[in-house]
Amino acid sequence: MKKFLPLFLFLITASLWSQVVKMASIERGTFVPLYGATSKKPVQVEAFSLDIYPVTNAQFLEFLKKYPENSRSRMKGIFADKSYLSQWESDFNYGAANLSTAPVTNISWFTAKKYCECQGKRLPTMDEWEYVAMADEKRIDARTKESFNNYILSWYEKPKTYANPVGRTFKNYWGVYDMHGLVWEWTADFNSVFLSGESRKDKDTDRNLFCGSGSVNATDLMNYAAFMRYAFRGSLKARFTTKNLGFRCAKDKSSAQNQFK
């Protein structure tokens, strides 16, 4: 029995390491978002960490096994609509038609938030997500590159990319994959921008509308790729689920870490 103990401990350790999700270190910086204040002042993003890949079917299954109250049959309607995990065969089986390494989709904001919290993490803010997403392979901000925007727009026209495995798109400047080309992603404050208003912080706008007046305060009227993201976010409610909407988690960095940046 003793001679098998080291092997057993090795397997346990290997299993634990395999469950560790890799995160990219994102340095503090500033950028002017598509929808900013009328003065177009840059938004400051503090240093944080972001999952390299979106959460997969296999990872979400492990979460459900630990927290079965989030399974499909037990999910309360106030936290997710009827299409919640509708592509899965059952509560704890994502089925042969869904790759284990494909991003989990048909997830509500409530459940995505809960998943991240149970990992000791959180959903990224919209500014954090956009800050990372504006990078291509070599540049922190590639938004002025026509080829970069064309890449994003061409993805919008491709069907069923949500069924592809994670990590097949390009690795950006920060070492993060799949910000574009796989799935849309939840952010913590997805509903903080309502495109019917003239400011991204306008609290008096009709939150159910998306119209031309939303472009009044856009910083780049040619950035159609970003317009699509903001329009999509503006149409969401926290209990909504769709087959092409997934998520990834973020994590704050300690003050001790930030001071060395």
Side-chain angles (χ1 to χ4, degrees), residues 31 33-35 50-57 81 83-88 94-95 97-109 112 124 126 128-174 176-187 190-191 193-196 200 208-215 218-237 240-248:
F31 79 111
L34 180 67
Y35 285 83
L50 184 68
D51 287 353
I52 291 177
Y53 309 112
V55 175
T56 65
N57 284 310
D81 61 24
S83 63
Y84 176 72
L85 291 177
S86 59
Q87 77 278 27
W88 283 30
Y94 47 79
N98 301 301
L99 294 176
S100 62
T101 55
V104 65
T105 59
N106 277 322
I107 297 295
S108 69
W109 176 86
M126 183 174 58
E128 289 173 339
W129 196 97
E130 290 290 336
Y131 179 65
V132 176
M134 71 184 188
D136 65 3
E137 294 95 332
K138 297 181 179 180
R139 295 171 58 178
I140 292 178
D141 188 354
R143 291 177 296 175
T144 59
K145 289 178 63 175
E146 184 178 357
S147 59
F148 182 62
N149 284 285
N150 286 340
Y151 169 82
I152 300 172
L153 289 171
S154 67
W155 160 48
Y156 294 163
E157 299 175 353
K158 295 177 181 177
K160 299 182 179 180
T161 58
Y162 54 84
N164 296 332
V166 301
R168 296 288 180 88
T169 65
F170 68 90
K171 177 182 180 181
N172 78 4
Y173 174 89
W174 301 108
V176 177
Y177 292 82
D178 305 323
M179 299 299 283
H180 310 287
L182 193 63
V183 290
W184 304 89
E185 296 183 19
W186 283 109
T187 61
F190 71 94
N191 56 359
V193 172
F194 303 107
L195 304 189
S196 56
R200 65 197 299 264
N208 293 318
L209 293 178
F210 171 64
C211 61
S213 63
S215 66
T219 57
D220 183 359
L221 296 179
M222 298 305 292
N223 194 346
Y224 297 119
F227 267 114
M228 292 291 287
R229 291 197 297 277
Y230 281 79
F232 181 69
R233 292 182 185 127
S235 70
L236 293 172
K237 293 184 179 180
F240 284 7
T241 65
T242 72
K243 61 184 178 181
N244 59 351
L245 177 60
F247 71 100
R248 73 180 76 209

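With respect to Arg233 and Glu130, a salt bridge is recorded, a charged nitrogen being found less than 4.0 Å from a carboxylate O.
Checked against the 6.0 Å centroid criterion, the rings of Trp184 and Trp155 qualify as a close aromatic pair.
Considering only heavy atoms from C-beta on, Phe247 comes within 4.5 Å of Ile107 through its side chain. Side chains of Pro103 and Val55 form no contact here, defined as non-hydrogen atoms less than 4.5 Å apart. Counting heavy atoms from C-beta on, the side chains of Tyr53 and Val176 never come closer than 4.5 Å. Between Val183 and Leu245, every side-chain heavy-atom pair lies at or beyond the 4.5 Å cut-off. Thr56 has its side chain out of reach of Tyr94: every pair of non-hydrogen atoms, C-beta onward, lies at least 4.5 Å apart. Counting only heavy atoms from C-beta outward, the side chains of Asn164 and Leu182 approach each other to under 4.5 Å. Considering only heavy atoms from C-beta on, Glu128 stays 4.5 Å or farther from Leu50 through its side chain. Residues Tyr131 and Trp174 are in side-chain contact: their nearest non-hydrogen atoms beyond the backbone lie under 4.5 Å apart.
For Asn149 (side chain) and Thr144 (main-chain N/O), no donor-acceptor pair under 3.5 Å exists by modelled atom type. Judged by distance alone, with hydrogens and angles left aside, the side-chain atoms of Asn98 form a donor-acceptor pair with the main-chain N or O of Gln87 at under 3.5 Å. For Arg248 (side chain) and Ile52 (main-chain N/O), a donor-acceptor pair under 3.5 Å exists by modelled atom type.
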For Asp178 and Thr169: C-alpha separation, side-chain torsions, deciding distance, then whether side-chain hydrogen bond (donor to acceptor under 3.5 Å, both in side chains) applies.
CA-CA 5 Å; Asp178 305 323; Thr169 65; 2.7 Å; yes
Step-by-step side-chain contact (heavy atoms from CB on, under 4.5 Å) determination, Asn172 to Val132:
CA-CA 8 Å; Asn172 78 4; Val132 176; 3.7 Å; yes
Could you go through the side-chain contact (heavy atoms from CB on, under 4.5 Å) check for Tyr177 and Asp51 one step at a time?
CA-CA 9 Å; Tyr177 292 82; Asp51 287 353; over 6 Å; no
In sequence, state the C-alpha distance, the side-chain angles, and the governing distance for Leu85 and Val104, and then conclude on side-chain contact (heavy atoms from CB on, under 4.5 Å).
CA-CA 8 Å; Leu85 291 177; Val104 65; 3.9 Å; yes
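Heavy atoms only, all atoms of each residue included: Ile152 and Ala225 are closest at CG2-CB, 3.7 Å. Nearest heavy-atom pair, His180 versus Ala133, reported as atom, atom and distance to 0.1 Å: NE2-O, 2.8 Å. Across every non-hydrogen atom of Leu99 and Pro165, the tightest pair is CD1-CD, 3.8 Å. Across all non-hydrogen atoms, the minimal contact from Ala135 to Tyr173 is CB-CB, 3.9 Å. Residues Met134 and Phe31 approach most closely at CE-CB, 3.6 Å, considering heavy atoms. The minimum heavy-atom distance between Tyr230 and Met126, with the atom names listed, is CE2-SD, 4.1 Å.
Under the 30°/60° scheme for interplanar angles, the aromatic rings of Phe170 and Tyr151 are found to stand perpendicular. In this structure, Phe190 and Trp109 have tilted ring planes: the angle between them lies in the 30° to 60° band.
With 3.5 Å as the limit, one finds no donor-acceptor pair spanning the side chains of Thr241 and Ser108. When only modelled atom types and interatomic distance are considered, Ser100 and Asn57 share no side-chain donor-acceptor pair under 3.5 Å.
Atom CG of Leu236 and atom OG1 of Thr242 lie 7.0 Å apart (nearest 0.5 Å). Distance check, rounded to the nearest 0.5 Å: OG of Ser235 to CG of Asn191 gives 11.5 Å.
Summarising the local packing, CZ of Arg139 is surrounded by more than 12 heavy atoms from other residues, nucleotides or ligands at distances under 6.0 Å. In the displayed structure, Glu137 atom CD is contacted under 6.0 Å by more than 12 heavy atoms of other residues, nucleotides or ligands.
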